[in-house]
Amino acid sequence: SLNKITGGDLNEKVEVYSSQEFLSLSNDINQTVDTLKGYIDAAEKRMEQELLLAHTIQDAALPKNFVFTYKGFELYATMDPAKEVGGDFYDFFFVGPDKLALVIADVSGKGIPAALFMMRSKTAIRSLGETGSDLCEIFEKVNAELCQGNDINMFVTVWMGMMDLKTGSMRCINAGHEYPVIKRSSGDFEIFKEKHAPPLGVMDDIEFHEYELQLEPGDCIYVYTDGVPDANNTAEEQYGTERMTEVLNKNKDAGMEALLHAVKEDIDGHVGEADQFDDITMIGFRYEGSREGW
């Protein structure tokens with residue numbers, strides 16, 4: 001019985017009553033196991049409360065309004081949290097009357113620490129991004145801030161784009177994040193392999209490089225976190241970027257909301273009964289051209 005209990009079977013009962021000593025010992029062991037089960041149950045409830053709080057922190061930080069006064073683009077984003085809370089987030093905000101910033105990021109780790117580091121990262125990126133500074137300068141300052149007091153060695157991968165809605169020019173920067181997927185108006189979605197810098201928070205004095213994309217009316221950008229390609233089914237088979245791109249192209253004429261929902265439905269079909277281990281976050285952006293405006 002003791003071997004079963006120490007092996008993890010807390011439903012085992014010790015019933016050795018051949019003497020008064022064994023009777024007393026059996027009762028003491030059973031009482032100890034019952035107390036332990038109570039502690040475990042209380043710990044599980046506290047964990048559930050922490051996960052609920054982390055989910056709330058994540059959800060409250062994400063913008064939900066996808067109806068814009070400016071009519072020169074279409075934008076939609078989703079974040080589906082896993083049971084074990086990670087630190088995915090997306091963000092978008094105007095920098096002046098005709099510039100729109102897009103951000104998608106993935107914090108290392110799980111639970112409350114990841115949710116808090118996510119909030120710290122998101123706040124720093126937005127506060128510096130709204131100044132309209134150079135993207136490299138924004139990432140250098142955010143990286144320096146995240147490295148300070150980072151005793152638990154967390155980091156965040158980030159892709160950021162600064163879109164000039166008048167000209168169609170988008171300045172982009174990537175700190176260890178997934179490659180974006182781009183569709184030209186008359187073409188298919190294709191993964192765009194740009195140069196990465198290390199994630200933010202890893203080390204001081206990282207050198208960042210931005211690149212420029214020229215978007216024409218009808219062009220689309222799809223960005224995502226690794227929860228998309230890394231989604232596993234019960235056979236431990238990953239969803240992958242190839243299947244992701246196929247689904248994007250099957251729905252390339254759909255609106256951004258329908259496009260993202262189509263990808264998520266296909267991921268769900270692949271995963272089946274397997275648990276979702278990581279957050280799944282996506283942004284879809286279509287440029288309609290400066291002719292629309294405000």
Side-chain angles (χ1 to χ4, degrees), residues 54 57-63 75 77 79 85-167 169-180 192-215 221 223-226 279 281-283 285:
I57 291 172
Q58 279 185 296
D59 188 65
L62 304 178
L75 171 64
M79 197 282 284
V85 179
D88 280 15
F89 69 89
Y90 65 81
D91 200 5
F92 50 84
F93 49 90
F94 277 94
V95 182
D98 296 298
K99 288 186 179 180
L100 176 69
L102 303 176
V103 181
I104 190 166
D106 184 2
V107 172
S108 63
K110 304 289 182 184
I112 292 291
L116 294 177
F117 198 82
M118 164 218 158
M119 288 296 298
R120 185 180 173 194
S121 305
K122 180 177 178 297
T123 301
I125 292 171
R126 177 178 271 242
S127 61
L128 289 166
E130 287 179 336
T131 65
S133 300
D134 177 80
L135 292 180
C136 292
E137 182 181 352
I138 292 171
F139 272 38
E140 286 167 4
K141 290 182 177 179
V142 172
N143 182 60
E145 182 175 330
L146 295 180
C147 285
Q148 293 180 2
N150 187 12
D151 297 332
I152 55 176
N153 297 318
M154 299 192 77
F155 60 86
V156 56
T157 68
V158 187
W159 179 92
M160 184 174 183
M162 190 72 73
M163 181 71 190
D164 188 322
L165 296 168
K166 278 189 173 180
T167 65
S169 172
M170 176 181 276
R171 293 182 294 116
C172 307
I173 192 167
N174 192 325
H177 200 73
E178 304 295 315
Y179 293 122
F192 181 77
K193 294 189 175 182
E194 16 80 305
K195 185 177 181 180
H196 285 185
L200 304 181
V202 172
M203 66 184 77
D204 289 315
D205 301 323
I206 295 176
E207 185 175 351
F208 296 96
H209 301 277
E210 67 174 66
Y211 61 93
E212 184 174 344
L213 296 172
Q214 182 62 44
L215 300 186
I221 290 183
V223 286
Y224 55 98
T225 57
D226 61 6
D279 297 342
T281 306
M282 302 178 279
I283 297 178
F285 174 84

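Quick note: residue numbers are just sequence positions, from 1.
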Using modelled atom types and a 3.5 Å cut-off, is there a donor and acceptor pairing between side-chain atoms of Tyr90 and backbone atoms of Pro63?
yes

Quick one: pull up [atom1] in [X] and [atom2] in [Y] and give me the separation to the nearest 0.5 Å.
X	Y	atom1	atom2	value
Tyr224	Ile283	OH	CD1	13.0 Å
Arg120	Gln148	CZ	CD	7.5 Å
Arg171	Asp164	CZ	CG	9.0 Å
Ile125	Leu135	CD1	CG	11.0 Å
Met162	Asp134	CE	CG	9.5 Å
Phe139	Ile173	CZ	CD1	5.0 Å

Close side-chain approach of [X] to [Y], heavy-atom, < 4.5 Å:
X	Y	result
His177	Val158	no
Met163	Ile221	no
Val156	Leu146	yes
Leu128	Ser133	no
Leu102	Leu75	yes
Val103	Phe93	yes
Ile104	Thr281	yes

Residues two or more places apart in sequence or in another chain: which of them pass ring pair (Phe, Tyr, Trp, His ring centres under 6.0 Å) with Tyr179?
His196

Set of ring pair (Phe, Tyr, Trp, His ring centres under 6.0 Å) partners for Phe285, sequence neighbours left out
Phe73

Please find the pair of heavy atoms, one from Ala114 and one from Ser108, that lie closest to each other, and give the distance.
CB-O, 3.9 Å

Taking all non-hydrogen atoms of both residues into account, name the closest pair between Cys172 and Leu213 and its distance.
SG-CD1, 3.9 Å

Kindly write out the residues that satisfy side chain to side chain donor-acceptor pair (under 3.5 Å) with [X], not counting sequence neighbours, or none if the list is empty.
X	result
Ser169	Glu212
Thr225	Asp88
Ser127	none

Name every donor-acceptor pair, under 3.5 Å, that has one atom in a side chain of residues 197-211 and the other anywhere in the protein, sequence neighbours excluded.
| unit_1 | atom_1 | unit_2 | atom_2 | d |
| --- | --- | --- | --- | --- |
| Tyr211 | OH | Trp159 | NE1 | 3.2 |
| Tyr211 | OH | Glu194 | OE2 | 2.9 |

Could you list all the salt bridge (charged side-chain N to carboxylate O under 4.0 Å, His left out) pairs where at least one residue sits in residues 136-163, not counting sequence neighbours?
Glu137-Lys141

For Asp91, salt bridge (Lys or Arg N to Asp or Glu O under 4.0 Å) partners two or more places apart
Lys122, Arg126

Salt bridge (Lys or Arg N to Asp or Glu O under 4.0 Å) filter on Lys99, not counting sequence neighbours, yields none

Residue pairs passing the ring pair (Phe, Tyr, Trp, His ring centres under 6.0 Å) test with at least one member in residues 100-136, sequence neighbours excluded, are none

